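I have a structure I would like to understand better, so I am pasting it below and will then ask my questions one at a time.
Since this is a predicted model, take the numbers as computed values, not measurements. Both counts, for ligands and for their atoms, begin at 1 and track the order of listing.
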Amino acid sequence: MNVLLVNGSPHANGCTYTALEEVAKTLNTEGIGTEIFQIGTKPLAGCIACESCAKTGRCVFSDGVNDFVDLAKDADGFIFGSPVHYASAGGAITSFMDRVFFSDMLAGRQSFYLKPAAAIVSARRAGTTATFDQLNKYFTISEMPVISSRYWNMVHGFTPEDVKKDLEGLQTMRVLARNMAWFLKCKEAGIKAGVTFPEREETILTNFIR
Ligand SMILES: Cc1cc2nc3c(=O)[nH]c(=O)nc-3n(C[C@H](O)[C@H](O)[C@H](O)COP(=O)(O)O)c2cc1C
């Protein structure tokens, strides 16, 4: 089994990465494979609502979003990490996640369906819970079981060295990783035992003018 971890920070080895690394190390000790995907520093456009993904299966912009979507199909679980920028998720990771989840839905790929997910956030000081709420909304609209920890998944720091001193934050990351590993093993055991995926209904879309 394999968990894909997304570093939504421009810092490849910064605070968010330090937290993700703690999650990844613990998942590895639980026998779960990991890959850390960097969104990087190149500009990431927001979703332009062109809906061409519904026809082509891919986002119209050829960048890390499509690279990630290719990997996501085969991943068993996901961790999305973001630094806090002005009490919200960073602009780049917000654009990235809008396009990943919108193109997946319109293309009917279902790369995220009933796969466990968790958000983690990193801040110097404040805006963590608002950012955590923001990221969790992508999961709950996509039928993803949200894995929790013993506290809200956050670390505090301006540098990776600060994060390494946030012992409670790092413990929160390890507990999260063990809970995700446990869920993945239960899901695998359930499927092996013959538990089938739930019955699905045709989507009903009502706009509020009706
Ligand atoms: C544009 C920008 C806005 C930020 N806004 C906040 C903020 O609202 N609250 C906060 O605590 N830290 C804020 N910070 C600091 C970062 O969230 C914090 O240092 C974080 O741990 C950096 O993670 P990274 O090294 O993975 O990028 C901001 C940093 C930047 C660059």
Side-chain angles (χ1 to χ4, degrees), residues 2-29 32-48 61 63-65 67-69 71-72 75 77-101 116-139 144 146-180:
N2 181 44
V3 171
L4 201 44
L5 301 95
V6 179
N7 181 11
S9 166
H11 300 132
N13 298 300
C15 301
T16 309
Y17 175 81
T18 305
L20 289 172
E21 215 185 10
E22 193 75 4
V23 178
K25 268 194 301 192
T26 313
L27 282 167
N28 295 156
T29 62
I32 309 286
T34 53
E35 181 174 347
I36 298 187
F37 183 94
Q38 304 277 359
I39 69 161
T41 51
K42 291 199 182 126
L44 274 162
C47 177
I48 58 167
F61 298 118
D63 59 15
V65 167
D67 298 339
F68 176 77
V69 158
L71 294 173
F78 299 89
I79 309 277
F80 286 85
S82 176
V84 173
H85 286 177
Y86 291 96
S88 305
I93 184 70
T94 299
S95 293
F96 180 88
M97 290 178 75
D98 282 358
R99 288 170 48 215
V100 162
F101 283 92
I120 66 145
V121 301
S122 173
R124 189 186 66 81
R125 195 166 178 85
T128 44
T129 53
T131 305
F132 187 60
D133 289 346
Q134 181 187 336
L135 297 178
N136 276 306
K137 286 174 182 134
Y138 293 92
F139 313 145
M144 303 175 84
V146 177
I147 306 299
S148 57
S149 183
R150 198 177 293 160
Y151 195 81
W152 301 305
N153 308 334
M154 62 180 74
V155 292
H156 284 273
F158 196 59
T159 64
E161 289 66 40
D162 293 337
V163 173
K164 285 176 188 152
K165 289 185 207 144
D166 179 3
L167 298 185
E168 183 173 351
L170 292 178
Q171 185 179 58
T172 303
M173 298 301 130
R174 293 192 298 275
V175 172
L176 172 66
R178 289 190 201 103
N179 290 351
M180 179 163 281

Could you identify the single nearest non-hydrogen protein atom to atom 1 (C) of ligand 1 and state the distance to 0.1 Å?
Y86 CE1, 3.8 Å

So, is N7 polar-close to ligand 1, with some N/O to N/O distance under 3.5 Å?
no

I'd like to know if G127 contacts ligand 1, where contact means a heavy-atom distance under 4.0 Å to any ligand atom.
no

Could you tell me, atom by atom, which parts of ligand 1 come under 4.0 Å of a heavy atom of A87?
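In order of number, 7 (C), 8 (O).
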
Just jot down the ligand 1 atoms closer than 4.0 angstrom to any heavy atom of G157, in number order.
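Numbered from 1, ligand 1 contributes 18 (C), 19 (O), 20 (C), 21 (O).
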
So if I apply the side-chain contact (heavy atoms from CB on, under 4.5 Å) rule between V6 and each of I120, I79, I93, which one comes out positive?
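By the side-chain contact (heavy atoms from CB on, under 4.5 Å) criterion, V6 pairs with just one of I120, I79, I93: I93.
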
Is it the side chain, the backbone, both or neither of A126 that has a heavy atom closer than 4.0 Å to ligand 1?
backbone

Taking both backbone and side-chain atoms of P83, is any N or O found less than 3.5 Å from an N or O belonging to ligand 1?
no

Going by the atom numbers of ligand 1, which of them fall below 4.0 Å from some non-hydrogen atom of F158?
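Answer, ordered by atom number: 19 (O).
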
For atom 3 (C) of ligand 1, the protein heavy atom that lies nearest, with its residue and separation:
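Closest protein heavy atom to atom 3 (C) of ligand 1: H85 CA, 3.5 Å.
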
Look only at interatomic distance and state if Y17 has a nitrogen or oxygen under 3.5 Å from any nitrogen or oxygen of ligand 1.
no

Are any of the N/O atoms on C15, whether in the backbone or the side chain, positioned under 3.5 angstrom from an N/O atom of ligand 1?
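It does: an N or O of C15 is found under 3.5 Å from an N or O of ligand 1.
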
Side-chain (Q134) to main-chain (A89) donor-acceptor, under 3.5 angstrom:
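Here the side-chain-to-backbone pair exists.
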
Show which atoms of ligand 1 fall inside a sub-4.0 Å distance from at least one heavy-atom site of R125.
10 (C), 11 (O)

